Each structure stands twice: as C-alpha cells, then as structure tokens.
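First up is the structure itself, then whatever we jot down about it.
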Amino acid sequence: MRLSSIESERVQPCTSAPLSFVACCTPSPWQARFPQPSTDLKLQCGSCPMCWFNHDGHFYKYVDTGMTWADAELHCLSLGANLVSIHNEDENNFVVKLIENFDPTNGKHWIGFSDTHKEGSWMWSDGSQGDFYAWYKGEPNNHGGPEDCVEINRFSLPSKWNDTPCNGVHRFVCKAR
Ligand SMILES: [Ca+2]
Ligand SMILES: [Ca+2]
C-alpha cells in the first residue's frame, strides 16, 4: 500500500541515526491508522514535533520536555494516550531506539510503571498488566526513601529500569493502545 500524497507530505525524512521500524508522521495516533504506511517504508521524523511512531499495532510519541512523572502522564492523557507501557523485550528495545533517536546520550526517561498506589505492587498507568520487567540489577530498591516511579536508561545503560522519586523531571514517551 502506498501513502497518499497528503500523507507523504507529512512524513519527514531521516535526519539522524536510522531506525529499523516503520514510522508514520501524523498529528495524532488515530490518524496514523489511516492509511497504514507501507511495510517497506522506513522513515523517521526526528524533526517533526507532532510525530507518532507505529510499532506492532501501537503508537508512540517522544516528548522532548522534562516533567514530573504525574505531569508526564497528564500530558500523555491530553494526547489521548498514557505514559508508555512495555510488555516484552522487543517493545523495550523499540522504546530505547525511539529515545536514542532524539537523545543519543540515552538519558533517563519516564515510563508508565509505578507503585504509587501500593508499595511493591507495580502497575502500568494505561491499566495493562505487568508481564515484563527489565530492572537494573538491585532495582527496584526504594533507595533512600520512597521511589515509586520508573525511569528507563538508568545509569546510562540503555534499556534497564530503575525506581526513583516521582517528582524528578525527565522527558518521556507516550503510547496509544
Ligand atoms: Ca516504591
Ligand atoms: Ca531505585
């Protein structure tokens, strides 16, 4: 399937390290569904601020503004999404690649996991079940007091998670299911 001419105009060319997944640059995840990009289209839109990336049936958006965990979730909600939930190694790698595209230093970013409601009971903000974990060794550890929100790329080690205080300010990824 080919993109329509209008859709093609929205897709921005790669300007940084290429990714190996199909990307569709559209104003909203809902519009990204129609039309679907062709499966051999490998583009990304690092220069496009309103870009949702299509991966395995879900839509992801990188937000290049630091916020507390709750404000990040509220921002995602305003876009019809939630902070990203991660359910397998492939999705974890995808999120890391997406972050790396905008932040080559692999800095810490919020994901939608927290144990705010009940210590030790980890929940995704989008209500999906916790069925995959990529904790850094020794984490989660509530180090030095309450650490109830989860960041990815802890210790500059791509892909590993750490529980950390929710009032920290990080950039983040939204996901529309
Ligand atoms: Ca905790
Ligand atoms: Ca920790």
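Remember, it's 1-based here, ligands and their atoms both numbered in the order they're listed. Predicted model, so just to flag it, every value in this text is computed and none were measured.
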Ring geometry between Phe113 and Tyr133 (parallel below 30°, tilted from 30 to 60°, perpendicular above 60°): tilted

The Ca ion (ligand 1): angle it makes with OD2 (Asp115) and OE2 (Glu119), nearest 10 degrees: 70°

Asn142 and Glu147: side chain donor to acceptor below 3.5 Å: no

Under 3.5 Å side-chain donor-acceptor pair for Asp126 and Ser85: yes

Considering only N, O or S atoms of Asp148, the one closest to the Ca ion (ligand 1): OD1

For Asn82 against Glu73, the heavy-atom pair lying closest together: ND2-OE2, 2.7 Å

Distance-only polar pair, side chains of Tyr60 and Glu91, donor-acceptor under 3.5 Å: yes

Sub-3.0 Å protein N, O or S atoms surrounding the Ca ion (ligand 2): Glu139 OE1, Asn141 OD1, Glu147 OE1, Asn162 OD1, Asp163 O, Asp163 OD1

Test item: side-chain donor near acceptor, Asn92 and Trp161, under 3.5 Å: yes

Heavy-atom closest pair, residues Cys166 and Thr116: SG-OG1, 4.0 Å

